[in-house]
Amino acid sequence: IVTDVSLTQSYDLHGERDGAVCHVEVKGTIGPGDRIIVTRAEVAFARQHPDTMRLVVVGDITLVTSGDDGVLAQGGRPRMISPWVPQDDSLEAISYFCAVRTD
């Protein structure tokens, strides 16, 4: 049984079969998929669930303009990393939240 939990959890899909649980984070990119953007919450959750966390990266997606539907994603090359436990040496800070002081 697979459930989309992306609106309420820090991962995308929750799977269960015969009492076993699987958590899946899905990322898509028009690039080759060798580098993706992940959130702090996604990394924290993956580290807290090292035995059940999976990462699916779909690279080489083609974006096509399609009339009233806007832009559609087509094709792509999926790859699964199982288990996915993000290591410090594979993470690079690309932004910070900065509190602006007014004094």
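Along the sequence shown, residues carry numbers from 1. None of the values given here were measured: they were computed from a predicted structure.
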Quick one: list whatever passes side-chain contact (heavy atoms from CB on, under 4.5 Å) with Gln74, sequence neighbours left out. Val64

What about Val2 and Trp84, same hydrophobic cluster or not, with Ile/Leu/Val/Met/Phe/Trp/Tyr joined at side-chain heavy-atom distances under 4.5 Å? no

Following the transitive rule for hydrophobic clusters with a side-chain heavy-atom cut-off under 4.5 Å over Ile, Leu, Val, Met, Phe, Trp and Tyr, establish whether Ile81 and Val38 coincide in one cluster. yes

Taking a hydrophobic cluster as the set of Ile, Leu, Val, Met, Phe, Trp and Tyr residues connected by side-chain heavy atoms closer than 4.5 Å, whether directly or through intermediates, do Leu91 and Ile37 fall within one such cluster? no

How far does CD of Glu25 sit from OG of Ser10, to the nearest 0.5 angstrom? 8.0 Å

Between Tyr11 and Thr52, is any pair of side-chain heavy atoms under 4.5 Å apart? no

Given 3.5 Å as the limit, does a donor-acceptor pair link the side chain of Thr3 with the main chain of Val5, or not? no

Any link between Leu13 and Val57 through a network of hydrophobic side chains (Ile, Leu, Val, Met, Phe, Trp, Tyr) touching at under 4.5 Å? no

For the CD1 atom on Ile30, are there more than 12 heavy atoms of other groups (residues, nucleotides or ligands in this structure) within a distance under 6.0 Å? no

Under a single-linkage definition using a 4.5 Å side-chain heavy-atom cutoff for Ile, Leu, Val, Met, Phe, Trp and Tyr, are Phe45 and Val85 assigned to the same hydrophobic cluster? no

Any heavy-atom pair between the side chains of Glu16 and Cys22 that's under 4.5 Å? no

Can you tell me how far apart CZ (Arg35) and NZ (Lys27) are? Round to the nearest 0.5 Å. 14.5 Å

Who are the side-chain contact (heavy atoms from CB on, under 4.5 Å) partners of Pro32, not counting sequence neighbours? Asp34, Asp60, Arg77

One should read off an interatomic distance between Leu72 CG and Leu63 CG, to the nearest 0.5 angstrom, of 9.0 Å

Heavy-atom check, side chain of Ile36 versus side chain of Leu55, under 4.5 Å: yes

Work out which heavy atom in Val26 is nearest to a heavy atom in Val24; give both atom names and the distance. CG2-CG1, 3.9 Å

Can you name the ring-ring contact (aromatic ring centres under 6.0 Å, His included) partners of His14, sequence neighbours left out? His23

Counting only heavy atoms not in Arg47 (residues, nucleotides, ligands), do more than 12 fall under 6.0 Å from its CZ? yes

